[in-house]
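Working notes for the structure below.
Predicted, not measured: the structure shown is a model, and the values here were computed from it. Below, chains carry the letters A, B, ... as their sequence lines are ordered, and counting in each starts from 1.
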Amino acid sequence: MDQDYQDTRLDDTDHRLIDRLDTTPPSPIPAGLVDRVLQASMPALMAGRARDVTRLRWPVVVGRLAVAAMLGVAVVIGFWSTPSGSTSGTFGLPLTADLGDQSSTAMLASGPFEWRDGPLLTLLAVKDVGYEQALGDLETVVHTVGTGRMNMLGLVDDEGPHDRVEAELLTVTSVAGGAS
Amino acid sequence: MDYAQLLKAAAHGDDQAWSELVKALAPRVHGLIVANTRDPDLAEEITQSVFCTVAERVHDYVEQGRLEAWVFRIAMNRLRDEMRRRTRHAKPVGDVGFPEAQQSGREDRPAYVRTDDETASALWDAVRDLSPQDQEILHLRHVAGISFKTIAEMLDTPVGTLLARHFRALKRLRAQLGPVFPEFELSEEDQQ
């Protein structure tokens, strides 16, 4: 029995009676009681342990879903907020359909489109290129890539073969979008 | 290792810790139930049920130094449920009595000396004649071996109230025991 409150009103006879109560159980402990209780409680203990594991998994799953959702949102926001001039290849091309019907003057004068000036100027430069000329460029690109002789393309010093191919494809796609 | 540490270890897969916890508490829970029901078989059944509940909720316990109170509260609730069930089914509670007392053979002995079993029987028979409230405090304190502090947490009762209740229960028990155990007879001062 642990340290406990003492009642100072108790006399010696009370303490003798307490000793007798403490040392005289009302019934003997049955032999094998602990073993039987252990045997009966073990399946419940396993269930209790398993229940906790299940309970712990849910927050982990929810947490991972939340992180995935946040990443998804971040990617979408990043996609729409990144200036298309900083993208490479055809990443910014969906803009061409919108641009095709607008006058270049209006586009250049409009404030909100400032961030698009880079690709916009490129698109404006190719806007007047004829469809046949663009098709010819495409044929050249396909032929060059197909024969593996990409060095035949007229390259400037700071422009790699892939940049050149992409530029040509951009031209063709823009013209095709404008024509349709 | 204290009880709370044993339970925590058991919750994390330590079967030995669970075994130690059961070894420490199961006999006390059984003693408490059998003191109330006088039915050792029912007491064992309830004891098993109590430890199954503790095992299932092994992760629910939040350590506040009250594990003993938690286990014994489950035991008391289970006991009350059982008593209610028995009352509903109109079964007499604990007419079994103590076999030792019924077979004492006292009258055959020329110089009678009370055996330990007979002493126990007479002592706890006298306790059973007390009010339920007196019995409860004596059972919790002296059969289950629970400290006043823990009993106070279990019953949500101030310690001072419990000490007073315990004091009065002892005096009433002495009054009951007087004719059988002269050594515990109340003094004239106490009787006043």
Count the heavy atoms of every other residue, nucleotide or ligand shown that sit under 6.0 Å from CD of Gln39(A), and state whether that count exceeds 12. no
Note: Leu123(B) and Leu17(A) closest approach over all heavy atoms is CD1-CD1, 4.0 Å
Taking only Lys NZ, Arg NE, NH1 and NH2, and the carboxylate oxygens of Asp or Glu, determine whether Lys171(B) and Asp14(A) approach each other closer than 4.0 Å. yes
For the residue pair Gly48(A) and Val58(B), what are the closest heavy atoms and their distance? C-CG1, 4.2 Å
Please enumerate all residues that pass salt bridge (Lys or Arg N to Asp or Glu O under 4.0 Å) together with Arg80(B), with sequence neighbours excluded. Glu136(B)
Chain B neighbours within residues 65-78 of chain A, where any heavy atom lies under 4.5 Å away: none
Pair Thr24(A)-Trp124(B), side-chain donor/acceptor within less than 3.5 Å: no
Looking at Tyr5(A) and Lys149(B), what are the two nearest heavy atoms and their distance? CE1-CB, 4.0 Å
Tell me, for Leu170(B) versus chain A, whether the close heavy atoms (under 4.5 Å) come from the side chain, the backbone, both or neither. both
Among Val50(B), Leu25(B), Val22(B), find the residue that satisfies the side chain to side chain contact (heavy atoms under 4.5 Å, CB included) test when tested with Val37(A). Val22(B)
Gap between atom CZ of Phe148(B) and atom CG of Asp7(A) - 0.5 Å precision: 7.0 Å
For residues 161-169 of chain B, which side-chain N or O atoms pair as donor and acceptor with protein atoms under 3.5 Å away, sequence neighbours left out?
{"unit_1": "His166(B)", "atom_1": "NE2", "unit_2": "His142(B)", "atom_2": "NE2", "d": "2.8"}

Considering only heavy atoms from C-beta outward, does the side chain of Leu45(A) approach that of Val54(B) to under 4.5 Å? no
For Arg20(A) and Phe181(B), which heavy atoms make the closest approach, and how far apart are they? NH1-CE2, 3.7 Å
Test: salt bridge (charged side-chain N to carboxylate O under 4.0 Å, His left out). Region: residues 13-27 of chain B. Which pairs qualify, not counting sequence neighbours? Arg49(A)-Asp15(B)
Mind checking whether Trp18(B) and Ser41(A) have side chains closer than 4.5 Å, heavy atoms only? yes
So do the side chains of Thr13(A) and Arg174(B) get within less than 4.5 Å of each other, counting heavy atoms only? yes
If I measure from the heavy atoms of chain A, does Ala11(B) come under 4.5 Å with its side chain, its backbone, both, or neither? backbone
Which heavy atom of Pro26(A) sits nearest a heavy atom of Ala35(B), and at what distance? CG-CB, 3.8 Å
May I ask you to name which of Pro27(B), Ala26(B), Ala43(B) has the most heavy-atom pairs under 4.5 Å with chain A? Pro27(B)
Closest approach of Ser27(A) and Val34(B), non-hydrogen atoms and distance? CB-CG1, 3.7 Å
Looking only at His30(B), Arg57(B), His139(B), most heavy-atom pairs under 4.5 Å shared with chain A are made by His30(B)
Thinking salt bridges, do Arg36(A) and Glu44(B) make one under a 4.0 Å N-O criterion? yes
Spatial distance of atom SG (Cys52(B)) from atom CE (Met42(A)) [nearest 0.5 Å]: 11.0 Å
Tell me, do Leu21(A) and Leu173(B) make a side-chain contact under 4.5 Å, heavy atoms counted? yes
